[in-house]
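For ligands, and for the atoms within them, numbers begin at 1 and follow the listed sequence.
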Amino acid sequence: MTTIPPAQPTRSAIEPAVPADLPAVLALLSANGLPHDGLAEHFAAALVARDGDTVVGSAALELYGEAALLRSLAVAEALRGQGLGRQLTTAALELAHSRGVRRVCLLTTTAQGYFPNFGFVPITRAEVEPAVQASAEFTGACPDSAVVLALHLDD
Ligand SMILES: CC(C)(COP(=O)(O)OP(=O)(O)OC[C@H]1O[C@@H](n2cnc3c(N)ncnc32)[C@H](O)[C@@H]1OP(=O)(O)O)[C@@H](O)C(=O)NCCC(=O)NCCS
């Protein structure tokens with residue numbers, strides 16, 4: 001008798017997002033109370049985690065020359081605590097580095113305790129590059145109470 005082996009758990013793959021991923025990423029952001037504003041315009045620098053055909057995580061960069069905004073980091077609730085957030089963040093930082101970014105900033109109301117694991121430190125809004133300050137997240141989508149964190153990338 002042939003024994004059928006049990007299905008192996010699928011490992012999530014981190015990949016560049018494609019335009020068709022936008023609705024799934026927006027749904028993930030909605031589920032996590034994260035803003036949509038400006039993401040479509042910067043989707044060329046977005047990453048997704050896929051479990052089979054399903055988008056289970058996201059991260060995106062808004063690229064402004066030597067500065068970038070890291071945004072839209074989210075992992076499906078059922079898959080948290082397995083390192084997907086770390087993989088997405090690390091991949092986004094590697095992408096930023098490969099694009100010549102020297103400093104990555106982010107705004108958060110929910111995860112100020114998460115990003116210091118990657119070296120992010122708090123800064124004031126006034127210290128943020130003007131192009132990043134002009135982004136949709138800074139000009140409206142994120143509340144004034146959001147914390148600003150920044151990370152210098154090594155050469
Ligand atoms: C933040 C988030 C992306 C982390 O994803 P994840 O895949 O669970 O993260 P990892 O598996 O890489 O890391 C898990 C670790 O981070 C910690 N952590 C997770 N979310 C955290 C948060 N919001 N603040 C502080 N620590 C957090 C966990 O306690 C865990 O710690 P441990 O390793 O000591 O047990 C996920 O919790 C999420 O989608 N949150 C909702 C959306 C959000 O707030 N995004 C940030 C927007 S700026």
Assess whether atom [atom1] of [X] is packed by more than 12 heavy atoms of other residues, nucleotides or ligands within 6.0 Å.
X	atom1	value
Glu77	CD	no
Arg102	CZ	no
Arg80	CZ	yes

Closest protein heavy atom to [atom], given as residue, atom name and distance to 0.1 Å:
atom	value
atom 7 (O) of ligand 1	Gly85 N, 2.8 Å
atom 38 (C) of ligand 1	Arg80 NE, 3.5 Å
atom 11 (O) of ligand 1	Gly83 N, 2.7 Å
atom 18 (N) of ligand 1	Tyr114 CD1, 3.6 Å
atom 39 (O) of ligand 1	Val75 N, 2.8 Å

Looking at [atom], would you say a protein heavy atom lies below 4.0 Å from it?
atom	answer
atom 13 (O) of ligand 1	yes
atom 34 (O) of ligand 1	no
atom 3 (C) of ligand 1	yes
atom 31 (O) of ligand 1	no
atom 45 (N) of ligand 1	yes

Using a plain distance cutoff, I'd like to know if [X] has any nitrogen or oxygen under 3.5 Å from a nitrogen or oxygen of ligand 1.
X	value
Asn117	no
Gln82	yes
Leu79	no
Asn32	no
Phe115	no

### Message
Ignoring hydrogens and geometry beyond distance, is a side-chain donor-acceptor pair present between Gln87 and Thr90 at under 3.5 Å?
### Response
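No - no donor-acceptor pair under 3.5 Å links their side chains.
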### Task
Carefully, step by step, assess Tyr64 and His42 under the rule ring-ring contact (aromatic ring centres under 6.0 Å, His included).
CA-CA 11 Å; Tyr64 300 105; His42 296 275; 5.7 Å; yes
Distance under 4.0 Å to a non-hydrogen atom of [X]: what atoms of ligand 1 satisfy this?
X	value
Arg86	12 (O)
Gly81	6 (P), 7 (O), 8 (O), 11 (O)
Thr108	48 (S)
Gly113	25 (C)

Counting N and O atoms only, with roles assigned by atom type, does the side chain of [X] sit under 3.5 Å from a partner on the main chain of [Y], one being a donor and the other an acceptor?
X	Y	answer
His97	Asp154	yes
Ser58	Leu73	no
Thr108	Thr110	yes
Asn32	Leu29	no
His152	Arg103	no

### Query
Can Leu107 be said to touch ligand 1, with heavy atoms closer than 4.0 Å?
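Within the 4.0 Å threshold, so yes.
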### Message
So for Leu73, does at least one of its heavy atoms come nearer than 4.0 angstrom to any atom of ligand 1?
### Response
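Yes; Leu73 lies near enough to ligand 1 that a heavy-atom distance drops under 4.0 Å.
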### Query
Hey, are Arg71 and Glu62 close enough for a salt bridge, meaning a charged N less than 4.0 Å from a carboxylate O?
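Result for this pair is yes, salt bridge flagged.
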### Task
Quick one: do Leu106 and Val147 satisfy side chain to side chain contact (heavy atoms under 4.5 Å, CB included)? Show the steps, please.
CA-CA 8 Å; Leu106 64 85; Val147 174; over 6 Å; no
### Query
Looking only at non-hydrogen atoms, which of Leu149, Leu28, Thr110 approaches atom 43 (C) of ligand 1 most closely?
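The option holding the nearest heavy atom is Thr110.
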### Trace of the side chain to side chain contact (heavy atoms under 4.5 Å, CB included) decision for Leu63 with Val101
CA-CA 8 Å; Leu63 296 164; Val101 171; 3.7 Å; yes
